[in-house]
Each structure stands twice: as C-alpha cells, then as structure tokens.
2 protein chains.
Amino acid sequence: MSHLGYPCLMALDRDHVLRSAAALLTRKSTATMDEVAKAAGISRATLHRHFAGRDALVRALEQLGIAECEGALDRARPEEGSAAEAVRRLVREIQPAAGLLAFLYGENQLWEGDRQNEGWQRLDARIGALFQRGQRGGEFRIDLSPVWLTEALYGLIASCAWATLDGRVASRDFPTMIAELLLGGALRREEP
Amino acid sequence: MSHLGYPCLMALDRDHVLRSAAALLTRKSTATMDEVAKAAGISRATLHRHFAGRDALVRALEQLGIAECEGALDRARPEEGSAAEAVRRLVREIQPAAGLLAFLYGENQLWEGDRQNEGWQRLDARIGALFQRGQRGGEFRIDLSPVWLTEALYGLIASCAWATLDGRVASRDFPTMIAELLLGGALRREEP
DNA sequence: CTTCAATGAGACATTGATGTCTCATCTGGG
DNA sequence: CCCAGATGAGACATCAATGTCTCATTGAAG
C-alpha cells in the first residue's frame with residue numbers, strides 16, 4: 001500500500017463512482033447521496049471521502065461532462081471535411097455522454113451563479129466555430145446564428161437522451177435523429 | 001362578501017399567484033415557497049391557502065402549462081393550410097408560455113411517476129398528428145418520426161426559452177429561430 | 001503474523017424547507 | 001358602526017437530506 005498522502009485505489013474508484021452517479025442522476029436527478037452511494041456499491045461514508053458533498057459531486061460531474069465533450073469534439077475533427085459531416089461525427093461521438101449532459105443541462109444550479117465553469121465557454125466557442133465555418137463556406141444558412149445553433153444542439157441532445165431513456169426513441173437512432181433534424185430540418189428536400 | 005364556502009376573490013388571486021410563480025420558477029426552479037409568496041406579493045400563509053403545498057403548486061402549474069399549450073394549439077389551427085405554416089403558427093402562439101414550459105420540462109418529478117398527466121398525452125397526440133399530416137402530404141420527410149419531431153419541438157422551445165432568459169437569443173427572434181431550425185435545418189437550401 | 005490504510009455501518013447534530021397553528025390587523029358589506 | 005372573511009406575521013413542530021463523527025472489520029503489503 002502507498003505510504004504517500006494519495007491513496008492509490010481511490011483514483012480508480014473515483015472514476016467508477018462518478019460514472020455510477022452520472023448513470024443514476026440521469027434517471028433521477030434528485031437522487032440522495034445515499035442512493036448515489038448504493039448505486040456505486042459503496043457506503044455513504046466512503047462517498048463523502050471521495051466528494052466533500054453533493055455540490056462537490058455535481059461539480060465533479062460537470063468537469064467530467066466537459067471533459068467528455070471536449071474528447072468527443074477532438075475525435076470529431078471539427079476542422080476536417082464538410083461542416084455537415086463534422087456535425088454528424090460530433091453527434092456520434094457525443095452520444096455516450098448524452099445522459100450526463102442531459103442531467104447537467106437540467107441542473108439549473110450550475111447556471112444561476114454569476115460565473116459559470118469556463119469549460120462550457122470553451123466548448124461553446126469550439127462548437128460555435130464549427131457552425132460558423134459551415135456558414136462561411138456557404139454550407140449552412142446564415143439566418144440562424146452559431147450561438148443559437150449551439151444552444152439548439154445541446155437542447156436536442158438532452159431531448160433525445162430523455163426520449164431514449166423513456167423508450168420513445170431507439171438508442172441506435174440517436175445520432176441520425178439529432179444530426180438529421182439539426183442539419184436538414186423536417187421539410188422534405190426538393191428532388192434534384 | 002361571499003357567504004359561500006368559496007371565497008370570491010381567491011379565484012382571481014389564484015391566477016395571479018400562479019403566473020407569478022411561473023415567472024419566478026422559470027428563472028429559479030428551486031425557489032422556496034417563501035420566495036414564491038414574496039414574488040406574488042402575498043404571505044406564505046396565504047400561499048398555502050391557495051395551494052396545499054409545493055407539490056400542489058407544481059401540479060397547478062402543470063395544468064396551466066397544459067391549458068396554455070392547448071390554447072396555443074387551438075389558435076394555431078393545426079389542420080389548416082400547409083403543415084409548415086401550421087408549425088410556424090404554433091410556435092408563435094406558444095411563445096408566451098415558453099418559460100413555463102421550460103420549467104415544467106425540467107421538473108423531472110412530473111415524469112418519474114408511473115402515470116403522467118394525461119393532458120400531455122393529448123398534446124403529444126395533437127402535435128404528432130400535425131407532423132404526420134405534413135408527412136402524409138409529402139411536405140415533411142418521413143425518416144424523422146412524429147414522436148421525435150414532437151420531442152424535438154419541446155426541446156427547442158425549452159432551449160430557446162432559457163437562451164432568451166440569458167440574453168443569448170433575442171425574444172423577438174424566438175418564433176423564427178425555432179420554426180426555421182425545426183423545419184429547414186441548418187443546411188442551406190440549394191438554389192432552385 | 002503484524003500493521004495500517006480503507007471501508008462499512010451507524011449514531012449524531014445541523015440545516016433548510018415545509019406544513020400547521022395562532023393571533024392581530026385590515027377591509028368591505030350590511 | 002359592526003362583523004365576518006381574508007390576510008400578514010410569526011411561532012412551532014416535523015421531516016428529509018446532509019455533514020461529521022466513532023468504531024469495528026477487512027485486506028493487502030511488509
């Protein structure tokens with residue numbers, strides 16, 4: 001065992017706890033610390049040894065969500081190829097984190113404060129830049145601002161995540177439903 | 001003054017309280033009964049005379065939200081003209097209730113129960129029927145299910161309502177942003 | 001085997017929101 | 001004026017979640 005100040009197993013456990021909490025809070029955002037602990041298979045005492053309190057847990061989940069988003073954005077290579085294809089890649093890569101994002105999206109507590117986590121600003125900027133690239137390249141229409149398109153993307157991800165949990169949308173359709181609606185809309189394209 | 005069991009002014013006040021609560025809870029969904037009372041300009045005691053408790057208040061807001069949606073749907077005349085125009089009318093009519101809907105949308109408590117208010121089912125059916133009409137008429141694409149389009153509409157309304165509160169989207173752009181994205185998507189149409 | 005960090009179980013106090021109650025005050029109708 | 005109903009203010013108990021604490025047990029390294 002470690003004779004350092006940092007326990008060696010907690011780092012691994014912490015990630016497991018975090019993901020269990022994400023999965024539970026996605027379904028029940030008001031879950032108790034007790035329920036979170038049970039879902040992770042640990043005691044409430046141990047949970048408190050990992051996270052000082054509920055607030056710290058939510059903040060950690062926020063960090064995880066940001067990290068997952070940035071990872072998805074990196075893997076999606078937003079500067080490569082057509083903007084539309086980049087958006088499709090992004091949606092596909094982001095699907096595993098959709099539940100967590102939906103939870104965070106509904107956690108108003110995170111947005112009420114005067115200062116929000118700057119990670120979201122970075123993400124907004126990167127996603128907004130992708131939409132802007134599409135506009136500059138004549139691929140996307142210019143009457144829908146990049147800011148709104150970014151916001152809409154988040155909203156559709158959360159909507160589809162919840163609809164998936166309720167069984168109203170099949171999990172395998174997630175990327176298509178979001179990307180197709182966001183890019184093409186409901187109107188049928190004219191035959192070329 | 002009334003000698004009946006039902007006070008005569010409470011009916012009027014009740015509506016005012018309900019709308020104040022909606023406005024407050026839209027901004028701060030975790031607001032206390034005390035804050036709700038203050039926002040309505042009444043005391044907590046009086047608030048409790050109107051609504052048995054927080055749960056009853058939320059249920060009443062849910063009813064109000066359903067009623068506003070049905071009213072908007074009626075005024076939008078979903079059976080009339082092109083489906084796309086009907087959707088545009090619907091979004092326009094629903095804007096005043098968007099904040100309330102966004103609050104209700106995030107109130108997971110309403111959806112966790114085994115049985116949800118049947119008003120939502122009626123609304124889902126009516127809105128779904130509108131999208132289906134557009135599909136049957138060859139106006140909308142058929143690879144996006146009416147259920148998903150309905151869900152997406154709710155999600156975009158909530159997104160835009162929050163973005164409007166934060167000043168990221170102008171209030172006057174609300175109908176356009178939602179309807180244009182939902183109908184046309186981000187992709188630029190080919191020149192005919 | 002010994003040791004020690006990590007854990008689980010549970011007791012305990014605290015906190016914040018809630019629901020209920022009483023009582024003084026206000027107000028409009030008779 | 002007088003009164004009944006409505007209100008506001010506040011005291012009070014309750015309740016659930018939280019945060020903190022202790023202590024016995026476990027388990028793996030030395």
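Labels below follow one simple rule: chain letters A, B, ... track the order of the sequence lines, proteins then strands, and each chain is numbered from 1.
Counting only residues at least two apart or on different chains, the salt bridge (Lys or Arg N to Asp or Glu O under 4.0 Å) pairs with a member in residues 18-27 of chain A are A:Asp15-A:Arg19, A:Arg19-A:Glu68.
In this structure, B:Leu57 places its CG atom 16 Å from P of C:dA17, rounding to the nearest Å. Between the NE2 atom of B:His48 and the P atom of C:dA17 there is a distance of 13 Å, given to the nearest Å. Here D:dA9 presents its P atom at 11 Å from CG of B:Asp34, a figure rounded to the nearest Å. Across the protein-nucleic acid pair, A:Arg14 atom CZ and C:dA6 atom P stand 15 Å apart, rounded to whole Å. The CZ atom of A:Arg49 sits 15 Å away from the P atom of C:dG10 (whole-angstrom rounding). Per the geometry, CZ belonging to A:Phe51 stands 15 Å off P belonging to D:dT18, to the nearest Å.
Of the residues in residues 35-45 of chain B, those lying under 4.0 Å from DNA chain C by heavy-atom distance are B:Arg44. Shown for residues 22-33 of chain A: residues whose heavy atoms fall under 4.0 angstrom of DNA chain D, namely A:Thr32, A:Met33.
Of all nucleotides listed (D:dT7, D:dT18, D:dT22), D:dT18 comes nearest to the side chain of A:Arg54.
Considering A:Glu70, A:Glu80, A:Glu93 as possible partners of A:Arg75, the one that fulfils the salt bridge (charged side-chain N to carboxylate O under 4.0 Å, His left out) test is A:Glu93.
Taking 4.0 Å as the cut-off between side-chain N and carboxylate O, A:Asp74 and A:Arg126 count as a salt-bridged pair. Ionic pairing of A:Arg141 and B:Glu180 is present here: one or more N-O contacts between side-chain nitrogen and carboxylate oxygen are shorter than 4.0 angstrom. At a threshold of 4.0 Å, the pair B:Arg188-A:Glu139 does not count as salt-bridged, since none of the basic side-chain nitrogens sits closer than that to a carboxylate oxygen. Residues A:Lys38 and A:Glu35 are not paired through a salt bridge, judged by the lack of any N-O separation under 4.0 Å between the basic side chain and the carboxylate.
Annotation: B:Trp162 is in aromatic contact with A:Tyr105 [ring centroid separation under 6.0 Å].
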